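Letters A, B, ... are given to chains in the order of the sequence lines, protein chains preceding strands, and every chain is numbered from 1. Being a predicted model, the structure only gives us computed values, none of them experimental.
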Number of protein chains: 2
Amino acid sequence: MAIVPMAKREKRITIYDLAKSLNIAPSSVSKALNNSHAISSKIKKMVEDKAKELNYIHNTNAANLRRGFSRIIGVIVPKINESFFANIIAGIEKVCVQHQHSLIICQTEESLEKEVNAVQTLIRQNVDCILISLSLETQSTAHLEEIKNNHIHFIQFDRISPAIDSYTVVNDNEEASYQAVVHLAKQGYQNIAYFGGPAHLNLYQERKQGYKNALKDFGLTFYEDFVKDEIISTASGKQEALHLLQTDVKPDAFLCTSDYVSLGVLEALQQLNLSSPKDVGIIGFANEMFTQLVQPSLSSVNQFSYEMGEQIAELYFSEVMKQKDNEEIKTIKVKTEIVQRASSSR
Amino acid sequence: MAIVPMAKREKRITIYDLAKSLNIAPSSVSKALNNSHAISSKIKKMVEDKAKELNYIHNTNAANLRRGFSRIIGVIVPKINESFFANIIAGIEKVCVQHQHSLIICQTEESLEKEVNAVQTLIRQNVDCILISLSLETQSTAHLEEIKNNHIHFIQFDRISPAIDSYTVVNDNEEASYQAVVHLAKQGYQNIAYFGGPAHLNLYQERKQGYKNALKDFGLTFYEDFVKDEIISTASGKQEALHLLQTDVKPDAFLCTSDYVSLGVLEALQQLNLSSPKDVGIIGFANEMFTQLVQPSLSSVNQFSYEMGEQIAELYFSEVMKQKDNEEIKTIKVKTEIVQRASSSR
DNA sequence: AATATTTTAGAAATCGATTTCCTATAGCCT
DNA sequence: AGGCTATAGGAAATCGATTTCTAAAATATT
């Protein structure tokens, strides 16, 4: 791909300009601006005043090159405009600003190829750390190894691969899923279906496991046919629900690993003239804003996405950044909460 | 604020390492990697192979410093996790990736102070261009002048300040607002209220103007009391609607400049046992996802946020990037569309 | 075959800040 | 007052890639 060259911008004021106009050495200017103790407050004042006067702005690029780190953190998410991820990013951003770090954000649109490119880009940009939530397509982890090879810190969150050793921040998915089923069972639902994402992702395996465990613990029947692993959109949720609800042995409740899928199930019910919660219970994941607005309102597992973002960034600043080579690698579990709404209350 | 120092990462492979191991000059390596025509394909091949073998990764920082530009674009929005802005960012990101540019994203949380800081940060990072949508608080533009002083391109979008000369990408807000009122009028609503944002923002002035013009053109009465300028949240929308709907002369329709405000109006109606669309018409702005999910579904002005993002980035790559000093500055209007739903259909 | 021209590769300067090492001066002590 | 220690400020190297300038080698021309 050809890259259009760009006109160089006009030069801006550098520490050399400040030094010359004050008749001191550039190194002194640098020290003054960095508040070094080896510089008198008289000179510091001079330099600061002159910097203001001439509109000096620090060139992070030059400093980064010399220092070897950038105070930039890279974030890779499947979709920036899904509110779960948007909230995580917002939380990360808030904490990063507090620590004077910037954020470079990439989206993979659920494609492995784009994920690999994003990793490349971030390494090139010299980011200090990469925070990543894997795409649905991702099954190989060579590109994550690449991050390690370049000695860049990284933290996986939500959609993680256990195949690679790293700090992680996740919900307790198995437990959350278990509790969701417990909730449905307590509301009197007996035949609970599971609509999850691709089973090669850890996250969905755990949720499925929690689902199975709860069925067993509560003596509920496990129907192989009620378990679907590739349901990730409203459309596929609707389609699959339509199908299941028209078989002989039909589910009377759905545990969906996404609120969007819950929505699809709801649409299916409406089409079949069934009602929730009376005929069918529904609970989803993520507590998207719309869950409280639809009729009936949708129960959901709140994953505390904004807080997850904060915790990811805080983990970086409190531990990962200072990580020694042989230090223990940590997993943080973010709380979850069953938000009971109409769709599962009978 | 103290900044914790960071351990320098282990060194990675540089062009010098490649050069040494191939017994050629670093400059030749650079040229080879940049596919310069002054290098034989034999050497290019050698260099590329060796680069792969040693896992060489280009150091953007060093290149940026030398070149004077960064291929990084800074984006400043009020809130990353509002779907309108999240969509815009997603659109921008898509186009930037196509042009091998990265994105640094800042959120202001509607605070001028954070906006000023964000601008500072982006200038320091040597971004090539800043894309900004102003915070609700922003009334001064000194910080935007600062962008210009540093010869950094910039484009304002959506919430713009006309006080400063720049490329802009916006909806035709006056027209959209006008059409929204026309739509309400055609549905038989007579007493239309306007719930808008702070009048110091251009955007809201235009929408108010469109509203006024439409009232006049359609011979509808203009009630001073029906026009509110600081309604930007669901809560304030509800509160103000409750108030207006309990006065003597009450509105029978609301034009809200945000879907969140529409939602508040709807809540007010429910509390007062009024119904929409029968008693009161509602139309909002942004076509947020939830507008089609609530009961009754909410009409809205689709602002095509994702497309707006794409157009912003495309404007940069097609024109701004190549901008000559005395070139004409352009405004792009992004289409809008009235999405008629239940809340305004009677 | 001798000269002119074009290619190809290398040497060295450069971008702007940081940092290490060194020197001069001020301040301190006996 | 002489000598010693702190302290403040400067000189120069450095980070890694790009780019300009130069020169040698390869090719073309007459």
Peer 1: Checking ring-ring contact (aromatic ring centres under 6.0 Å, His included) for the pair A/His99/A/Tyr316: CA distance, chi angles, key distance, verdict?
Peer 2: CA-CA 11 Å; A/His99 289 80; A/Tyr316 173 70; 8.7 Å; no
Peer 1: Return the value, rounded to whole Å, for the distance between atom CZ of A/Arg124 and atom P of D/dT18.
Peer 2: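 It works out to 11 Å between those atoms.
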Peer 1: Before accepting this row, confirm whether a basic side-chain N of the pair A/Lys45/A/Glu48 lies closer than 4.0 Å to the acidic partner's carboxylate O.
Peer 2: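 No salt bridge links A/Lys45 with A/Glu48.
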Peer 1: Confirm from the modelled atom types if A/Lys31 and D/dG10 form a donor-acceptor pair under 3.5 Å, side chain to base only.
Peer 2: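 Looking at the base of D/dG10, it does pair with a donor or acceptor on the side chain of A/Lys31 (distance under 3.5 Å).
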Peer 1: Among D/dG9, D/dT14, D/dT19, which nucleotide sits nearest the side chain of A/Ile43?
Peer 2: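 Nearest nucleotide to the side chain: D/dG9.
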Peer 1: Find the distance A/Phe69:CZ to D/dG16:P and express it as a whole number of Å.
Peer 2: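 That distance rounds to 14 Å.
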Peer 1: Between B/His101 and B/Phe317, is the ring centre distance below 6.0 Å?
Peer 2: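 Distance test on ring centres: under 6.0 Å, yes.
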Peer 1: Starting from the 5' end of DNA chain C, give me the residue, B/Pro26 or A/Thr60, whose nearest nucleotide shows up first.
Peer 2: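 Nearer the 5' end of the strand: B/Pro26.
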Peer 1: May I ask you to say what A/Asn64 touches in the nucleic acid, namely base, sugar-phosphate or nothing, with a heavy-atom cut-off under 4.0 Å?
Peer 2: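 A/Asn64: no heavy atom of the nucleic acid under 4.0 Å.
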Peer 1: Which residue, B/Ala62 or B/Ser27, contacts DNA chain C at a nucleotide closer to its 5' end, judged by nearest heavy atom?
Peer 2: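 That would be B/Ser27.
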Peer 1: For A/Leu33, answer base if it contacts any base atom (sugar-phosphate contacts may also be present), sugar-phosphate if it contacts only those atoms, and nothing otherwise; contact means non-hydrogen atoms under 4.0 Å.
Peer 2: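 The residue A/Leu33 makes no contact with any strand.
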Peer 1: Contact class for B/Ala63 (heavy atom, under 4.0 Å): base, sugar-phosphate, or nothing?
Peer 2: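 Sugar-phosphate contact only.
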Peer 1: Can you tell me if B/Tyr56 touches the phosphate of D/dA17, counting only side-chain N or O atoms and a distance under 4.0 Å to OP1 or OP2?
Peer 2: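 Yes.
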Peer 1: Can you tell me how far C1' of C/dT8 sits from CG of B/Leu22, to the nearest Å?
Peer 2: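 Atom CG in B/Leu22 sits about 16 Å away from atom C1' in C/dT8.
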Peer 1: Would you mind classifying the nucleic acid contact of B/Asn34 as base, sugar-phosphate or nothing, using non-hydrogen atoms under 4.0 angstrom?
Peer 2: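 Touches sugar-phosphate only.
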Peer 1: Under 4.0 Å between a side-chain N or O of A/Arg67 and OP1 or OP2 of C/dT18?
Peer 2: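 A/Arg67 to C/dT18 OP1/OP2: side-chain N or O found under 4.0 Å.
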Peer 1: Looking only at side chains, do B/Ser70 and B/Asn64 share a donor and an acceptor under 3.5 Å apart?
Peer 2: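 Judged by distance alone, the side chains do not pair up.
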Peer 1: Pick out which of B/Leu131, B/Ile73, B/Ile72 makes a side chain to side chain contact (heavy atoms under 4.5 Å, CB included) with B/Leu103.
Peer 2: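 By the side chain to side chain contact (heavy atoms under 4.5 Å, CB included) criterion, B/Leu103 pairs with just one of B/Leu131, B/Ile73, B/Ile72: B/Ile73.
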Peer 1: Between C/dT14 atom C1' and B/Arg66 atom CZ, what is the distance in whole Å?
Peer 2: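 Rounded to the whole Å, the gap is 5 Å.
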Peer 1: For A/Ser40, which contact category applies under a 4.0 Å heavy-atom criterion: base, sugar-phosphate, or nothing?
Peer 2: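 A/Ser40: backbone/sugar contact only, no base atoms under 4.0 Å.
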Peer 1: Which part of the nucleic acid does A/Ile24 contact within heavy-atom distance under 4.0 Å: base, sugar-phosphate only, or nothing?
Peer 2: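 Sugar-phosphate contact only - A/Ile24 comes under 4.0 Å of backbone atoms but never of a base.
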Peer 1: Once you apply a heavy-atom cut-off of 4.0 Å, does A/Thr14 come out as touching a base, just sugar-phosphate, or nothing?
Peer 2: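 Sugar-phosphate contact only.
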Peer 1: If we ignore hydrogens and angles and just use 3.5 Å, is the side chain of A/Thr141 paired with the main-chain N or O of A/Leu144 as donor and acceptor?
Peer 2: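 No, the answer is negative, given that no donor and acceptor are paired below the 3.5 Å cut-off.
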Peer 1: Can you check whether B/Ser28 has a side-chain N or O nearer than 4.0 Å to OP1 or OP2 of C/dG10?
Peer 2: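 Indeed, a polar side-chain atom of B/Ser28 lies that close.
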Peer 1: So, does A/His58 get its side chain near the phosphate of C/dT18, meaning an N or O under 4.0 Å from OP1 or OP2?
Peer 2: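 Affirmative; the distance criterion is met.
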Peer 1: Counting any heavy atom closer than 4.0 Å, what does B/Ile39 reach on the DNA or RNA strands: base, sugar-phosphate only, or nothing?
Peer 2: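 Answer is sugar-phosphate: B/Ile39 comes under 4.0 Å of backbone atoms only.
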Peer 1: Using atom CG of B/Asn126 as one end and atom P of C/dG16 as the other, report the distance to the nearest whole Å.
Peer 2: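 B/Asn126 atom CG is separated from C/dG16 atom P by 9 Å.
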Peer 1: What's the CG-P distance between B/Asn150 and C/dG16, to the nearest Å?
Peer 2: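 For the pair B/Asn150 CG and C/dG16 P, the rounded distance is 13 Å.
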Peer 1: Using whole Å, what does the distance between atom P of nucleotide D/dA17 and atom CG of A/Leu65 come to?
Peer 2: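 One finds 9 Å between P of D/dA17 and CG of A/Leu65, rounded.
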Peer 1: If I take atom CD1 in residue B/Ile57 and atom C1' in nucleotide D/dC15, what distance separates them, rounded to the nearest angstrom?
Peer 2: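 Spelled out: CD1 on B/Ile57 to C1' on D/dC15 is 18 Å.
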Peer 1: Go through C/dA11, D/dT18, C/dA17 for me and flag the one nearest to the B/Ala25 side chain.
Peer 2: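 Of the options given, the side chain of B/Ala25 lies nearest C/dA11.
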